[in-house]
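Lettering of chains follows the sequences in order, A, B, ..., and the numbering in each one begins at 1.
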Amino acid sequence: EEQTIVHDEL
Amino acid sequence: NIFRAAGDLSHLISILILLNTIQKSRSIAGISLKTQILYVLVFLTRYLDLTYRYVSIYNTLMKLFFISSSIYIVYLMIYKFKNTETEQIDTFPIEYLIGGSFILSLIFNYKFQFGEILWSFSLWLESVAILPQLFMLQRTGEARTLTTHYIFALGAYRTLYIPNWIFRWISEGRVDYLAIFTGIVQTIIYSDFFYIYYHRVLKGFKFELP
């Protein structure tokens, strides 16, 4: 399963 | 973490300095409209995810602030304090920056999905968005001190994110390759400016290019 980055930065 | 907080604060301060400078002097002399338009594009493409992705109330408020303030600044520049003299030296060909960022975002993204491509596009575009402004400084050879503070605070934001990414890599194992790479590119673009800022503005001299 490919890991995606959580976009929690600005 | 402290780097992230300082980075965000610096980002916030940069916008406030810019707004304050424009409102107080009632002039946009020396400020690149093209750079400001690129920031509207950066914020819209990156932060419109707030309509379908919730992170935190802090995150949402910051995104709303950056989108609305950048649009407001462009509005001020075009309608309220229009300055044809400044416009004439604001000649950087931004279509290449936009086109290049778009192509790079199609090649480098975490998933070939609309939202992910937009996110990547915004990172690439942000890394070069200051170029028209720096180009203008180079042409005029000097700048108002407040303008240099604005550019410094804006550059410091992404620079401070670099230790934040290292910190998160160590503490959470989180590595955002795209953000890190574009953040480093952005910091390199600023490095020349940082150097002059440090040597002149902070020592009380006028910002003048050698």
Between the side chains of A/E9 and B/N164, is a donor N or O closer than 3.5 angstrom to an acceptor N or O? yes

Would you give the length of the straight line joining atom CD1 of A/I5 to atom CZ of B/R174, rounded to the nearest 0.5 angstrom? 5.0 Å

Engaged part of B/Y58 at the chain A interface, taking heavy atoms whose separation is under 4.5 Å: side chain

Exercise: identify the closest heavy-atom pair between A/L10 and B/F66: CD1-CE1, 4.4 Å

Can you confirm whether more than 12 heavy atoms, excluding those of B/Q138, are under 6.0 Å from its CD atom? no

For B/Y157, is it the side chain, the backbone, both, or neither that has a heavy atom closer than 4.5 Å to a heavy atom of chain A? side chain

Interchain contact, B/Y161 with chain A, by part (heavy-atom threshold 4.5 Å): side chain

Describe, in one word, how the ring planes of B/Y110 and A/H7 are oriented to each other, choosing from parallel (under 30°), tilted (30 to 60°) and perpendicular (over 60°). tilted

Quick check: are there more than 12 heavy atoms from other residues, nucleotides or ligands sitting under 6.0 Å from OH of B/Y52? yes

Is it the case that atom CG in B/D192 sees more than 12 heavy atoms from other parts of the structure closer than 6.0 Å? no

Nearest atoms (heavy-atom pairs only) where B/R4 meets A/D8: NH2-O, 3.3 Å

Heavy atoms from other residues, nucleotides or ligands near OH of B/Y195 exceed 12 (cutoff 6.0 Å): no

Neighbour count above 12 (heavy atom, 6.0 Å) for B/L202 CG: yes

Structural part of B/D8 lying under 4.5 Å from a heavy atom of chain A: side chain

